[in-house]
Amino acid sequence: MSQEQFTRNLLQIKDQNIKNFRVSDKSRDALRIYADLSYNLSVCPRCGKHEIVKNGFKTVNIRIPNISERTALLILRKQRFLCKHCGHTKMAQTTVVEGQHQISRNVLHGITGSLTEDRTMASIASQYNVSTNTVSRQLAVLGKQTQPAYNGLPASLCIDEFRSTGNQMSFIAIDAQKHDLVTILPGRKNKEIKEFFLNHYDLKNREKVTQIVMDFNSQYQSIIHAIFPNTVIIADNFHLVQMTLRSLNQTRVQVMKNFPKDTPEYRIFKYYWRLYLMSYEDLEKSKTQWFSHLKDHYTQEQLVSKGLSLSEVLTRTYFSAHDLVEAIRNRDYPAFIKALGEVENVSPQLLTTIKTFIHKKQFIKNMTTCSLSNGPIEGVNRKIKQIKRTAYGYRNWTNFHYRIQIEFNIRVQKRGPIRK
Ligand SMILES: [Zn+2]
């Protein structure tokens with residue numbers, strides 16, 4: 001291997017037209033690598049005549065990736081060409097850097113890679129010794145490339161909301177099956193959501209959506225059919241379970257408050273709340289354990305039974321709630337209807353939840369005929385939270401949006417070229 005090729009390999013420069021490498025290590029700040037870019041150009045790109053001559057050099061400074069933690073600059077003398085026929089001038093081109101840019105493709109590539117990681121823009125800028133503006137420009141370039149194509153909608157969508165810039169609530173939609181991000185919108189108002197879908201997707205596209213999973217209490221129900229005429233609404237079963245258990249929990253707290261603090265009756269509710277959220281079948285019935293706040297050994301079943309024996313309403317609420325939860329978890333609609341039918345004298349909290357269930361039981365029925373849930377969106381929301389935390393919050397919606405898109409499109413990029 002020649003010395004030149006060795007240097008090229010070391011600097012990760014693929015362009016064979018860059019030659020005559022010299023390194024200057026005089027200054028304390030940056031490592032300067034001098035080189036020449038030249039090749040023969042025979043045809044004028046403008047007039048097509050073979051009258052091109054070489055016409056001096058122009059020197060440009062290009063930021064290349066750090067070498068052993070030192071900032072590195074490629075000081076490149078670029079060959080200039082002149083067409084004697086038409087007067088056209090041209091500068092030699094290289095794959096190292098784009099046109100007039102001063103930051104090499106390798107550096108930009110590194111920045112791009114870093115943007116897909118959980119890192120702040122400032123830390124990326126400092127690693128590559130560029131300004132945060134450069135990083136944010138790269139973010140915009142990449143953000144635009146990873147913008148979803150508005151030509152297809154999946155058959156099933158999960159929709160929800162999340163806390164975005166400032167304290168604003170924003171809308172999110174993902175593909176319920178592939179978990180790809182479909183869109184995030186700054187606001188969550190029905191008007192905004194409707195306008196977005198009507199402006200970006202034609203009717204034929206929107207008609208493809210046949211299932212939408214959503215939070216039971218969300219306000220979107222009123223606009224969904226105007227946007228997606230063929231869809232059914234599917235209640236998110238996690239949310240249904242959550243609603244039911246929350247009512248049960250509220251009931252426990254209310255019963256607890258009937259007893260003075262520092263009584264065993266109070267403590268049996270106060271400290272062992274988790275056990276009441278377990279179904280009776282799941283409670284340990286033979287092995288005892290030490291309950292330090294009661295200073296005694298019980299089985300889990302004994303403890304819950306002791307608690308339930310203190311309130312009839314709580315007992316009925318406990319069993320009804322767990323029957324409902326089990327039916328919902330198993331997506332068993334007949335069992336759900338049966339559980340509803342057996343509800344009697346339960347707490348007002350559970351009753352409120354049950355009234356909502358009855359009012360929207362079609363959505364629950366739809367849930368029982370498929371396996372979809374908003375579970376995947378929870379994962380997405382967690383990731384978004386992490387992006388926000390790393391950046392100490394984003395004030396700028398566009399940058400925030402780009403970063404989310406980029407982090408979510410990693411999978412797409414790894415599979416192949418970015419979808420345009
Ligand atoms: Zn020419």
Side-chain angles (χ1 to χ4, degrees), residues 1-27 29-67 71-113 115 125 128-131 133-147 149 151 402 406 413 416-420:
M1 194 190 291
S2 74
Q3 179 80 31
E4 293 262 300
Q5 189 52 40
F6 182 77
T7 311
R8 261 186 230 113
N9 285 353
L10 210 58
L11 298 177
Q12 288 293 292
I13 290 174
K14 300 234 166 72
D15 192 340
Q16 300 285 326
N17 295 322
I18 298 180
K19 293 170 195 141
N20 306 330
F21 290 96
R22 281 102 58 206
V23 179
S24 155
D25 195 9
K26 278 179 207 147
S27 68
D29 52 336
L31 201 60
R32 286 159 207 274
I33 295 136
Y34 295 84
D36 300 334
L37 168 67
S38 183
Y39 49 85
N40 291 322
L41 189 67
S42 54
V43 184
C44 172
R46 194 206 266 166
C47 71
K49 295 270 198 272
H50 292 256
E51 292 181 37
I52 292 274
V53 291
K54 289 181 175 167
N55 187 35
F57 286 92
K58 188 189 178 194
T59 304
V60 292
N61 294 350
I62 301 161
R63 165 71 42 76
I64 57 174
N66 291 359
I67 297 167
T71 304
L73 285 176
L74 177 65
I75 320 268
L76 191 62
R77 290 201 321 147
K78 283 180 163 180
Q79 182 75 61
R80 288 161 61 154
F81 301 100
L82 170 70
C83 171
K84 289 188 114 174
H85 182 78
C86 73
H88 179 65
T89 59
K90 190 175 161 49
M91 194 135 62
Q93 302 287 308
T94 173
T95 51
V96 169
V97 69
E98 213 162 319
Q100 306 294 313
H101 292 197
Q102 294 191 333
I103 295 168
S104 79
R105 283 208 172 94
N106 284 350
V107 172
L108 293 179
H109 192 75
I111 294 173
T112 301
L115 281 169
Y128 293 96
N129 215 333
V130 296
S131 66
N133 270 339
T134 302
V135 179
S136 116
R137 259 198 312 276
Q138 196 58 13
L139 176 70
V141 169
L142 207 59
K144 279 173 195 150
Q145 285 174 347
T146 51
Q147 208 119 62
N151 56 9
Y402 282 157
I406 290 163
Q413 286 183 35
I418 298 165
R419 281 188 303 215
K420 289 240 170 130

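Numbering of ligands and ligand atoms starts at 1, following listing order. We count residues from 1, following the sequence as given.
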Problem - Side-chain touch N66/L31, heavy atoms, less than 4.5 angstrom - result: no
Problem - Result of checking N133, N129, T134 against S131 for side-chain hydrogen bond (donor to acceptor under 3.5 Å, both in side chains) - result: T134
Practice task
Enumerate the protein N/O/S atoms at a distance below 2.8 Å from the Zn ion (ligand 1), ignoring waters.
Solution key: C44 SG, C47 SG, C83 SG, C86 SG
Practice task
May I ask you to test the K54-F81 pair for a side-chain heavy-atom distance under 4.5 Å?
Solution key: yes
Exercise for the section: Test I33 against every option in V23, I62, L76 by the side-chain contact (heavy atoms from CB on, under 4.5 Å) rule and name the one that passes. Expected result: V23
Exercise for the section: Provide the closest heavy-atom pair for P45 versus K90 in the form atom of the first, atom of the second, distance. Expected result: CG-CD, 3.5 Å
Problem - Non-hydrogen atoms of Q93 and Y39 that approach each other most closely - result: N-OH, 2.8 Å
